[in-house]
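Throughout, a chain's letter reflects where its sequence line sits, starting with A, and its residues are numbered from 1.
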2 protein chains.
Amino acid sequence: MSRRDFHRATEAERRHDLIEATLDCISEAGLQGATVRQIANKAGVTAGLIRHYFASKEVILQEAYKVLIARLTEKAKNLDGTPEERLSSFIFVNLTEPVANSRSLSLWAAFISRVSVDPALAAIHREGYLSFRQELEQLLADFFAARGMAADPARDRTLAIAMNGILDGLWLEGCLAGELFGEGELVSIAFSSIEALIGHPIAAPTQSEPDREYRDALRIHHR
Amino acid sequence: MSRRDFHRATEAERRHDLIEATLDCISEAGLQGATVRQIANKAGVTAGLIRHYFASKEVILQEAYKVLIARLTEKAKNLDGTPEERLSSFIFVNLTEPVANSRSLSLWAAFISRVSVDPALAAIHREGYLSFRQELEQLLADFFAARGMAADPARDRTLAIAMNGILDGLWLEGCLAGELFGEGELVSIAFSSIEALIGHPIAAPTQSEPDREYRDALRIHHR
DNA sequence: CGATTTGTTATACGCTTGAATAACTGCGAG
DNA sequence: CTCGCAGTTATTCAAGCGTATAACAAATCG
């Protein structure tokens, strides 16, 4: 009847581990599987500890949502290069690993399904969404400016909405049924759609050239 | 201490009412709020009755998911008119009431978040998805045929994926943050994006002409 | 109009949940 | 090296969960 061994961690470490364990639980078993006992178990501690770091289970879920949003959007910020390169990378990054995979989607959907129920989650969501779209608007504004076109915030806003929708939708398709698509197929579709939408070609990112096959297929009837 | 009054309903009625109650519970309080007691309460019966019609709570959730999918896709099937009109209506229908609203989204997200956990739900999802996309592929094939273009299944498949992505993404944006967009704005964006994608103009549905303002705005820089 | 079926209610059971609390102990301060 | 505190464990609690089952009564049928 000996007590279990344990080590005392710093607050930052513990909170991080617990949040990470929460995300793992949700992705593996859904929100219903993220019980305080499961989370604690996955983090290698006992259930009571969670309440030592988070006022309630709701709070740890909110913190986990913030972390998820940050993780899904951080890759798309701090892009460098010319405006065209940044726009191109933005598209690519949002449709490939590690942003686009089934784990991301199940986590995202789990939280989204609670956004309309829990006002605290709704606030977190809204902030993340607006920030993402503003980032995109700026990218578009820079892109057009680099092409010598006049500033036009209304145009940029509309295009950002449209492009955000396209990226979200293709991200979703890729996450949900990635095995149905060829390598780079979704990225190619995104480039073709967005090029058509904004009326300018965009060079694909240099780091990894997706099949041009599909883009060519799409272009057959453009001209 | 009198027993509660009740009336005996047909199996079809009861099952319908219980499934409807399930969807209500989920949309109002998330999957966690859809307990057998809450569902029964909303349906005006007692909890035990649920197990009389459904082998388990899992089963009633699966049936509810089937109903939701049918409801989200039925409007997009059985469209009539010319191929162009049907394609146009398809876009419109999927981005306006009753398909696009916040209730639809919270229901959809709740189930999606379990698709990766529950194989039975995954099967239901996959069937609905493939059926939806095939419908769209057929629409596109008819559209191109009506324009005298050669049949090209690969092209139709690729375009269907892209268009499905665009519609999903814009549907999502509209459901999540409908109040951020102007009346008909998302529909206009969808038309512009898809016209650009497939390389042909599509007349908007006759029943309700969305603001052409946004479409014109998008077109400024095309040409 | 009484018998019978079966849809429905009512109640109970075992289990899990989020939370509260008491007991323990690793570890840095002194 | 010891002390004391705060991080951690262990235990408990009430509430709610899905499920099982027996009693009841509304509708049907002869």
| query | Are side-chain heavy atoms of B:Thr73 and B:Glu135 found at a separation under 4.5 Å? | reply | no
Rounded off to whole Å, could you give me the [atom1]-to-[atom2] distance for the [X] and [N] pair?
{"X": "B:Leu31", "N": "D:dC17", "atom1": "CG", "atom2": "C1'", "result": "15 Å"}
{"X": "A:Leu18", "N": "D:dG7", "atom1": "CG", "atom2": "C1'", "result": "12 Å"}
{"X": "B:Glu11", "N": "C:dG7", "atom1": "CD", "atom2": "P", "result": "8 Å"}
{"X": "A:Asp17", "N": "D:dG7", "atom1": "CG", "atom2": "P", "result": "15 Å"}
{"X": "A:Asn41", "N": "D:dA10", "atom1": "CG", "atom2": "P", "result": "12 Å"}

Hey, is [X] close enough to [Y] for a salt bridge, meaning N to O under 4.0 Å?
{"X": "A:Arg86", "Y": "A:Asp142", "value": "yes"}
{"X": "A:Arg14", "Y": "A:Glu11", "value": "no"}
{"X": "A:Arg103", "Y": "A:Asp24", "value": "yes"}
{"X": "A:Glu63", "Y": "A:Lys66", "value": "yes"}
{"X": "A:Lys42", "Y": "A:Glu20", "value": "no"}

| Parallel, tilted or perpendicular: which fits the ring planes of B:Trp108 and B:Trp171, with parallel below 30° and perpendicular above 60°? | perpendicular
| query | Of all heavy-atom pairs between B:Ser104 and B:Leu72, which one has the smallest distance, and what is that distance? | reply | OG-CD2, 3.7 Å
| Going by number, which of residues 43-64 of chain B have a non-hydrogen atom under 4.0 Å from DNA chain C? | B:Val45, B:Thr46, B:Gly48, B:Leu49, B:His52, B:Tyr53
| task | Give A:Arg37 one of three labels, base, sugar-phosphate or nothing, depending on what nucleic acid heavy atoms sit under 4.0 Å from its own. | result | base
Could you go over nucleotides 26-30 of chain D and give all protein N or O partners under 3.5 Å, atom names and distances?
from, atom 1, to, atom 2, distance (Å)
D:dA26, N3, B:Arg8, NH1, 2.7

